[in-house]
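Atoms considered below: every heavy atom in the structure, side chains included; atoms not considered: hydrogens, waters and symmetry mates.
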Amino acid sequence: MNDHDSLYHRMFAHPAMAMDLLENFLDPTLLAELDLSGLQRVNVKFHADSGKMREADVIWKVPTRRREAVYILLLLEFQSSVVWWMAIRFQVYVGLLYQQLIREEALKPGDKLPPVLPIVIHNGPRPWLAPTSMRALIDLPEGSPLWQFQPEGRYLLLDEKRFPEETLKGRSSLTALLFRLEHISDPVKLPELVDELVAWFTAHPDFQEVRGLFVELLKRGVARYQGNTDSKRIPCDLNEVQTMLHGIQEYKRKLIEESMQAGIQQGIQQGIQQGIQQGIQQGTQLGAQSGEQRGRQGEAVTILSLLLRQKFGTDLPDWIGERLLDASVEKLEGWTLRVLDAGSLDDVFVN
């Protein structure tokens, strides 16, 4: 298990985090069956008949609202890579879990086993394309009489990147903030997201342990934001991380402003690079058409062209000039802010 998945384990081993996940990401009809006030952590190490140990990731049990004696056991499997045979892995987990329940609770023939709800939280960059049921893995034609003997083995998939940003922003959920933090596409937005995180923990002062785990995750993200700086040099307090990020952002803004001023002068005087010349010409034409707003657009094109040439060389692809001339002032300013952190042209024009 890598450090990242280990951090997820520690997060969702906390009852408040597990409850937040279930309340915000389960289907309402399924959630209505559960009494989350009875949520309990189950520490399980499975032992097969061979003696070989298998350990599930995180297991909770929740009583249902209809029958107090019936429990739903939640198996949370955190994955950063796609596992094609995940349905089979869960089938093994469920079998070993039932064996342990029979032994430890001394269940006898005639007793009923509790239902199981397996959940995969996928935090990797690639979409989860693996089948979510055993039947999708079994080679049988539709309508075969053998289907009645085949295991269903279905699990619930929560693929973090499948949730649109606007959907996650609309939820007052710590899990939603986690998903957004994990897949933030623009590092310039990181300080704003940290502001939301600080506000959430301020409104929920009982989450101090989980707060510390988020700081661990944040330190890795901030290290990338700073250009792979050693995360040990980053503060261990969330408010200090917030202050640091805003300080970095302000410093970079000042550098960009200085570069902008120098770039304007250099672009007007030299006009060496073809994209810059096109930007100046377009800015002049648009300025004549629409006044101050269009003039700002031409100036922004010139500035961004200069910064790109200075960082990535004078031979910029033709498609860059086309994108610059078609972009709004707001889009141009957003791209300009990315130039200092970008490792390639694709990083600048990611969206």
Problem - is_close_aromatic(Phe179, Phe25), centroid dist under 6.0 Å - result: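 Yes - the distance between ring centres of Phe179 and Phe25 falls below the 6.0 Å cut-off.
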Handout entry: Phe214 ring center near Phe201 ring center (under 6.0 Å)
Key =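 They qualify: ring centres under 6.0 Å apart.
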Exercise for the section: Give the ring-plane orientation class for His204 versus Trp200, where under 30° counts as parallel, over 60° as perpendicular and anything between as tilted. Expected result: parallel
What closest approach, in Å, do [X] and [Y] show between heavy atoms, and which atom pair accounts for it?
X	Y	result
Ala87	Ser133	CB-C, 3.6 Å
Gly38	Pro63	O-CD, 3.4 Å
Trp128	Ser81	CZ3-O, 3.4 Å
Pro151	Arg135	O-CG, 3.3 Å

Is there a side-chain contact between [X] and [Y], using heavy atoms and a 4.5 Å cut-off?
X	Y	answer
Met134	Glu152	no
Tyr98	Pro114	yes
Leu157	Thr132	yes
Leu34	Leu39	no
Met17	Phe207	no
Val198	Val194	yes
Val83	Arg89	yes
Leu168	Leu177	no

Problem - side-chain contact (heavy atoms from CB on, under 4.5 Å) between Val348 and Thr336, worked out - result: CA-CA 8 Å; Val348 176; Thr336 300; over 6 Å; no
Under 3.5 Å, is there a donor-acceptor pair between the side chain of [X] and the main chain of [Y]?
X	Y	value
Gln100	Leu96	no
Ser144	Leu140	no
Trp335	Glu330	no
Trp84	Leu129	no
His122	Gln79	yes

Measuring from atom [atom1] of [X] to atom [atom2] of [Y], what distance do you get when rounded to the nearest 0.5 angstrom?
X	Y	atom1	atom2	answer
Leu31	Asp27	CG	CG	8.5 Å
Thr167	Arg162	OG1	CZ	13.5 Å
Asp111	Ile102	CG	CD1	9.5 Å
Trp60	Gln40	CH2	CD	9.5 Å
Leu97	Ile59	CG	CD1	5.5 Å
Phe12	Leu7	CZ	CG	10.0 Å

Handout entry: Derivation of the side-chain contact (heavy atoms from CB on, under 4.5 Å) call for Leu22 and Met19
Key = CA-CA 5 Å; Leu22 299 176; Met19 190 173 297; 5.9 Å; no
Problem - Steps toward side-chain contact (heavy atoms from CB on, under 4.5 Å) verdict (Leu158, Val120) - result: CA-CA 6 Å; Leu158 297 178; Val120 167; over 6 Å; no
Quick check on the hydrophobic clustering: are [X] and [Y] connected, directly or via other members, by side-chain heavy-atom contacts under 4.5 Å?
X	Y	value
Leu137	Leu156	no
Ile88	Ile119	no
Trp85	Ile138	no

Practice task
Using the side-chain contact (heavy atoms from CB on, under 4.5 Å) rule, take Thr175 and Leu21 through it: C-alpha gap first, then chi angles, then the decisive distance, then the call.
Solution key: CA-CA 6 Å; Thr175 303; Leu21 169 73; 3.9 Å; yes
Can you tell me if [X] has over 12 outside heavy atoms packed within less than 6.0 Å of its [atom1]?
X	atom1	value
Gln148	CD	yes
Glu23	CD	yes
Arg41	CZ	yes

Handout entry: Ring-face cation contact, Phe349 with Arg338, 6.0 Å cut, 45° max
Key = no
Exercise for the section: Verify the distance criterion only: is there a donor paired with an acceptor across the side chains of Tyr8 and Glu182 at less than 3.5 Å? Expected result: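 The criterion, which ignores hydrogens and geometry beyond distance, is satisfied for Glu182 and Tyr8.
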Problem - Ser173 and Asp20: side chain donor to acceptor below 3.5 Å - result: yes
Exercise for the section: Test Arg10 against Glu216 for salt bridge (charged side-chain N to carboxylate O under 4.0 Å, His left out), laying out the working first. Expected result: CA-CA 11 Å; Arg10 291 156 60 196; Glu216 288 187 41; 2.7 Å; yes
Handout entry: Pairing of Glu160 and Arg180 as salt bridge, 4.0 angstrom limit
Key =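 Salt bridge between Glu160 and Arg180, a charged N being under 4.0 Å from a carboxylate O: no.
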